[in-house]
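On a predicted model such as this, the values are computed, not experimentally measured, just so you know. Numbered from 1 within each chain, the chains take letters A, B, ... in sequence-line order.
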Number of protein chains: 2
Amino acid sequence: MRWQPNARGRLEQAAIALYGESGFEQTTVAEIAKRAGLTERTFFRYFTDKREVLFSGSEALKTLLAEAVAGAAASASPIDAVAAGLKAVALVFSGRHEYARQRGSIIAANAELQERELIKLASLVSVVTEALRRRGVMEPAARLAAEAGIAAFHVAFERWVDQTDQKDLWPFIQETLVALKTVTAGH
Amino acid sequence: MRWQPNARGRLEQAAIALYGESGFEQTTVAEIAKRAGLTERTFFRYFTDKREVLFSGSEALKTLLAEAVAGAAASASPIDAVAAGLKAVALVFSGRHEYARQRGSIIAANAELQERELIKLASLVSVVTEALRRRGVMEPAARLAAEAGIAAFHVAFERWVDQTDQKDLWPFIQETLVALKTVTAGH
DNA sequence: AAAATGATGTCATGGACTGTCGTCGCCGGC
DNA sequence: GCCGGCGACGACAGTCCATGACATCATTTT
């Protein structure tokens, strides 16, 4: 075999390790590649940019979310369909609390990474909006339900990451959705 | 006088013009500086990066928003205080519809710019959250009201930009807030 | 066994950003 | 009025991210 297997995985591991050890800005792509036993050029064949290493999972999340929203009970209201989607997403994170925490602290330390995180969340909003539209929800309700749901998810996720007791993400999302409902009601 | 006045303004004008003419990625900082009669190095003395030119106004928006939320009637609910803040912001955009449209189309054409736009919106969320906290609103209500309000603003702003008839932004925000309330109510 | 394929390396280049230092008008103290 | 500091800018060199073009070579196909 001419090359070691799983080049992508090695790059990913090397990158996350270095981002954690030295910080995102301080680590160069050349260093990542070297630790993975590859070249800088090869890094960019697997990841479009230095940030994308930390976000490659988001594609799978999009399809999962889209399908779960689409598959919600036909009788479910828009926001409940979104909630069903978020529940499916929450399941994926069970047992990944520690990973989410590490990744979160890397991202929290760098503005560029926060930008990327936000655009990934925005792409989730798009996907959910589209799924709701297919369920027959009209604009702007579809977009707003998606925005509200993803915002709740975001807040709930941060709260979940910031504590150690509760393993499951879903209860956090549920609580947050209820709180959101209360707050938008206006009294 | 050794140099022409208003270096910053000239850079801003040059940049926006070039971004509009040739696209954001295609225009180099060297070109911008040259058109402004300055050097690349000077560009980076005024703007932290190539994108920031299009977002320098957001700082003023933050303070305006914070003060308007803080200054809302003491009896106002959290979401109404946010709405009061958004109303103040909306006023700023009266008469800037055309500018908003141009700027919006530049941003829509480039993912990096969308990332920056999103982080600026996120910073508005932070500011509003903080203002609500000072009003005595507890977490997570403060954060959620801020997220919901800014999401509504975002949606309303896009709708406002995408049409030509209605000059005022505020009615769009009002409608969107009502729609959000309906959608989060869940039926 | 020759040819196509695919993963990687090598080389070269452009462009964003940064550090450093030099220049030179301007301004305040004296 | 002279002088030294200050502020705004230019000049220059350097780093790193990112990408294109092409070479290499094991594996697979035919």
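Partners of R134(B) by salt bridge (charged side-chain N to carboxylate O under 4.0 Å, His left out), not counting sequence neighbours, listed by chain and number: E130(B). Remark: A88(A) engages L64(A), A68(A) in a side-chain contact (heavy atoms from CB on, under 4.5 Å) (not counting sequence neighbours). R103(A) meets the salt bridge (charged side-chain N to carboxylate O under 4.0 Å, His left out) test with E117(A); sequence neighbours excluded. For A66(B), the side-chain contact (heavy atoms from CB on, under 4.5 Å) criterion is met by V127(B), not counting sequence neighbours.
Residues from residues 103-117 of chain B lying near DNA chain D, meaning a heavy-atom separation below 4.0 Å, are absent.
Identified under the side chain to side chain donor-acceptor pair (under 3.5 Å) test for residues 12-24 of chain A, with sequence neighbours left out: E21(A)-R35(A). Sequence neighbours left out, the pairs with a member in residues 83-100 of chain B that pass side chain to side chain donor-acceptor pair (under 3.5 Å) are E98(B)-R101(B). Applying the side chain to side chain donor-acceptor pair (under 3.5 Å) test to every pair with at least one member in residues 51-65 of chain A, sequence neighbours left out, gives these pairs: R51(A)-E115(B), E52(A)-R116(A), E52(A)-K120(A). The list of side chain to side chain donor-acceptor pair (under 3.5 Å) pairs with a residue in residues 159-171 of chain A, not counting sequence neighbours, reads W170(A)-Q174(A).
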List the atom pairs, donor and acceptor, that lie under 3.5 Å between side-chain atoms in residues 146-155 of chain A and the rest of the protein, sequence neighbours left out.
unit_1	atom_1	unit_2	atom_2	d
E147(A)	OE2	R143(A)	NE	2.8
E147(A)	OE2	R143(A)	NH2	3.0
H154(A)	NE2	E158(A)	OE2	3.0

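Extent of DNA chain C lying under 4.0 Å from chain A heavy atoms, first and last nucleotide in 5' to 3' order, is dA7(C) to dT10(C).
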With the sugar-phosphate defined as primed atoms, P, OP1 and OP2, and the base as all remaining atoms, what B/S/- string results for nucleotides 13-24 of chain D, 5' to 3', for protein heavy atoms under 4.0 Å?
----BBBBB--B

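In this structure, the CZ atom of R8(B) is 17 Å from the C1' atom of dG7(D), given to the nearest Å.
Look at Y46(B) and you won't find any side-chain N or O under 4.0 angstrom from OP1 or OP2 of dA8(D).
The two atoms that bring L180(A) and L144(B) nearest to each other are N-CD1, 3.7 Å, heavy atoms only.
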